[in-house]
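As structure tokens, the structure follows; a few thoughts come after it.
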Amino acid sequence: MSVAVILVAAGRGERLGAGTPKALVRVAGVTLLEHAISRSIGTKGLTQLVIAATPGHQDEFLALASPHVPAGITLTVVTGGATRQQSIALALAEVDHTAEIVLVHDAARAFAPTEVFDRVVQEVRESGFGVVPVVAVHDTVKRAEGEEVLETVNRSELRVAQTPQGFPAQLLRDCYAAVTEEHTDDASLVQSLGHRVLSVAGDRIAMKVTTQDDLILASHLVGGEQRTGIGTDTHRFSDDDAKPLYLGTILWEGERGLDGHSDGDALSHAIVDALLSAAGLGDIGSNFGVDRPEFSGANGQVFLEGALDKLHANGFSVINVSAQIIANRPKVAPMRERVEQALTAIIHAPITLSATTTDGLGFLGNTEGVAVVASALIQQAKK
Ligand code: CTP
Ligand code: MG
């Protein structure tokens, strides 16, 4: 029986707050999208993979997915809708009519192992019903209203629902054509229209990545070696009163700029060095030759993105970066949050910024320049 997998990856990942669609966030050097694809692709009988992509990111999703999909399996990327359910409806319209079983899987459950896909397919095939992978609830469960605990719930009948959820293709099409209200999963959608749903054993590693905490947990589950790196950079203040100050890729209004062949962004450069040194990939000079004409006046983002590309190509992802500005001027506190946000949006990992002075000592105490120290923690995927 031929199987199609719909991989819903069109969400924005608002609760994760990574500044990029959740499916593009990396755990142990690999995007969640690719983690999910590489585990889906081994499903027995798979003939088609349909990915619902975040609007505006279809090309990126296709480029990431293509190398993982072998000949003989059709890859289709559709633009997702406003809700999970709409994304699935759009993907379902692209499922080939020869597919007899459709599995719907959340890219957010990127680590669901292939065995779960196979178990679901087998149960759909044998029963002809909808099938949901579940895990038992081992915690004592309370019902509460605000802070008030009302009662302890009998957990023996409770199950936590996971994905991939599987259905006979025609049943799922009929249900999507008939449904009028929104459901959070497909088993409940199908059930709301009067159809039976069975369960098979899920797997705890099929956890859903929703918040930063989940990402940390996931990197412990699937991540390999962690490495730290340090970077420093120092630039002198420009004699030119009109030179703007760029630190952390953004403009610091009303502050004197720093000299440098690029835009003098010591903060971005120190972070680049920290990232490259953690990965053992040299430093900003050896990688970018910062005196090269194309980098004249270049914004720090150019170097940060270049360094990230090199890390990703070597199977590393960034866990976090911490940087400290050592200077009398500029005052960092008013800009801290904006800089952290700008850098996090580029690096897609938490960046924290602090500041200190040298108690008036030396060239930093004389306000001759700005120095930055940065450290980065990165991780490689498990071999
Ligand atoms: N999803 C989708 N289309 C949407 C919304 C969600 O395809 N319009 C997908 C997500 O990409 C995810 C799955 O449905 O794989 C479960 O959704 P959720 O975990 O809520 O992901 P996001 O919507 O991205 O996250 P958030 O709600 O925090 O923004
Ligand atoms: Mg959501």
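Read the numbers this way: they start at 1 and go in the same order the structure lists the ligands and their atoms.
Ring centroids of F117 and H105 are separated by less than 6.0 Å, placing the two rings close together.
For ligand 1, the 4.0 Å heavy-atom shell takes in V8, A9, A10, G11, R12, G13, E14, R15, K22, G81, A82, T83, R84, S87, D106, A107, A108, K208, ordered by chain and residue number.
Scanning for side-chain hydrogen bond (donor to acceptor under 3.5 Å, both in side chains) contacts around D309 gives an empty result, with sequence neighbours left out.
Counting only residues at least two apart or in different chains, salt bridge (Lys or Arg N to Asp or Glu O under 4.0 Å) contacts with residues 80-94 comprise R84-D106, R84-D186.
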Name every donor-acceptor pair, under 3.5 Å, that has one atom in a side chain of residues 322-330 and the other anywhere in the protein, sequence neighbours excluded.
residue : atom : partner : partner atom : Å
N328    : ND2  : G365    : O            : 2.6
N328    : ND2  : T367    : OG1          : 3.3

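There is no path of hydrophobic side-chain contacts, each under 4.5 Å, that joins I319 to V27.
Ring pair F303/F295 is tilted by interplanar angle, where 30° to 60° counts as tilted.
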